[in-house]
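Just so we're on the same page: letters track the sequence lines, and every chain starts at 1.
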Protein chains: 2
Amino acid sequence: MTEKSRPLRADAARNRARVLQVAYETFAEEGAGVPIDEIARRAGVGAGTVYRHFPTKESLFQAIVADRLQQVVERAREQAAADPGEGLYAFLFHMAEQGATDLGLTEAFAGIGFDLAAALPDAEKEFTGMMAEILTQAQRAGTVRSDLDVADIKTLIVGLQAMRRFRGDSELMHRVYPVIRAGLAAPDASPDGATDASA
Amino acid sequence: MTEKSRPLRADAARNRARVLQVAYETFAEEGAGVPIDEIARRAGVGAGTVYRHFPTKESLFQAIVADRLQQVVERAREQAAADPGEGLYAFLFHMAEQGATDLGLTEAFAGIGFDLAAALPDAEKEFTGMMAEILTQAQRAGTVRSDLDVADIKTLIVGLQAMRRFRGDSELMHRVYPVIRAGLAAPDASPDGATDASA
DNA sequence: TCCTAAGCGGAACGAGCGCCCCGATTGTAT
DNA sequence: ATACAATCGGGGCGCTCGTTCCGCTTAGGA
């Protein structure tokens, strides 16, 4: 984004990269609630150093979320290109697995203490756009029912991540994924009440 | 549980009931993170009064969760008795709707900062037992696929609550419920890979 | 090698919150 | 009505955490 007006001193650049890497790992493990002091300690720097490179804790978190979203978008586009019918499912279950390994991303995506669209509008738009593409492809291929839109898929991702986090053992999620998949592959709601949910 | 060795003074009993009621509403709105001072203010008492009736914030939260679980269990048993085939679905979507109105219960159930089985073992056992009953009934009635157990249903509830919380508008969840329902009603995994999820 | 400014670390500040303490208040038995 | 004990309220303690400050260190050009 912002081109550095002057190159960072070598040690400063090293520290910045180290903080970013450690912060990514720490946010993934502990979520956004982790203290800055903890990140500084793990990175072997003082808290002041973290704050010189990132003005607030929030901005550090944003930098990491933006990077992770970019990775996810690229991966999903590749997989959808290789197999349009399976692309959405691959993406969905990959996002679900993130629930186990990346709490920070999961929180950001679920909007827990973080407004993705407000904080990173560009990243959010690209993410949403990518989802629209692979959803359309899957629907065109006939592998996903056609009465769902991008917002529904986002909702399902939030749910899948919560489930995956709740179930520590990934083995056990293979009992739940087929249920979701069967639901998504089912034909659109028919006139009888069979697929209507009246609580 | 503990019989009062001596009856509470009239004003004390009134305050206790008031705190319990207000705490329930507040935990539902804001979750377990809400400060005790906030509950005390809303109840029109001092923080000291809250702590005389409940030794810790945690114990107050537990009392409320236990009560809510009891209500949910009763409701679910009634609905399952009225219609065994629909009982599980009614329960599932009712729990999902709790995601919108009762953040405290949702957090407790998802295990966010709260170990349900450790804190309220009896309530947890009765809850799990009830779920086993209505799941078995639904499977016997043929409305739910037979390759799922209670742990899978718990997982789905956590996911549904997260989805419902993510989607502020209940209207929109009626686009997602049918998907889950279709997945649960689907036949057991067949030999072909159609319902297998390979990420 | 020397000088200067960029960079560093960690003490310290202020705000938020769980929980405790104690003088003031008030219900209730007599 | 009186006295006593139960109860009340809210200020305060101790701790956590985000952020700032500033004296010390050191990279790197001359």
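- Here dG9(C) presents its C1' atom at 9 Å from CZ of Arg52(A), a figure rounded to the nearest Å.
- Checking Thr128(B) against Glu124(B) by side-chain atom types alone, a donor-acceptor pair falls below 3.5 Å.
- For DNA chain D, the contact window with chain A, defined by any atom under 4.0 Å from a protein heavy atom, covers dC17(D) to dG28(D) in 5' to 3' order.
- The separation between Leu60(B) atom CG and dC19(C) atom C1' is 14 Å, rounded to whole Å.
- Side chain to side chain, Gln21(B) and Glu25(B) meet the donor-acceptor criterion of an N or O pair below 3.5 Å.
- Between His53(A) and dG7(C) there is no side-chain N or O to OP1 or OP2 distance below 4.0 Å.
- Using modelled atom types, no side-chain atom of Thr49(B) and backbone atom of Val45(B) make a donor-acceptor pair closer than 3.5 Å.
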Protein and nucleotides 28-30 of chain C: nitrogen or oxygen contacts under 3.5 angstrom:
| from | atom 1 | to | atom 2 | distance (Å) |
| --- | --- | --- | --- | --- |
| dT28(C) | OP1 | Ala10(B) | N | 3.1 |

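- Within residues 16-50 of chain A, the residues that place at least one heavy atom under 4.0 Å from DNA chain D are, in residue-number order, Val34(A), Pro35(A), Ile36(A).
- Using a distance-only test at 3.5 Å, with no hydrogens or angles considered, no donor-acceptor pair links the side chain of Arg75(B) to the main chain of Glu78(B).
- The residues Arg167(A) and Asp152(B) are annotated as salt-bridged, a charged nitrogen and a carboxylate oxygen being separated by less than 4.0 angstrom.
- Counted by atom type alone, Gln98(B) and Arg68(B) present one or more donor-acceptor pairs between their side chains at under 3.5 Å.
- Under the 6.0 Å cut-off for aromatic ring centres, Phe127(B) and Phe109(B) qualify, their centroids lying closer than that.
- Taking for each of Tyr51(B) and Arg14(B) the nucleotide of DNA chain C with the nearest heavy atom, the 5'-most of the two is the partner of Tyr51(B).
- If you take CG of Asn15(A) and C1' of dA6(C), they are 12 Å apart, rounded to a whole angstrom.
- In terms of modelled atom types and a separation under 3.5 Å, the side chain of Gln139(A) and the main chain of Arg145(A) share a donor-acceptor contact.
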Legend entry - Arg77(B) and Glu74(B): CA distance, side-chain angles, deciding distance, salt bridge (charged side-chain N to carboxylate O under 4.0 Å, His left out) verdict: CA-CA 5 Å; Arg77(B) 284 215 163 99; Glu74(B) 283 172 20; over 6 Å; no
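- Residues Asp83(B) and Gln79(B) have side chains that never bring a donor and an acceptor to within less than 3.5 angstrom of each other.
- For Gln71(B), the CD atom counts as densely surrounded, since its 6.0 Å shell holds more than 12 non-hydrogen atoms of other residues, nucleotides or ligands.
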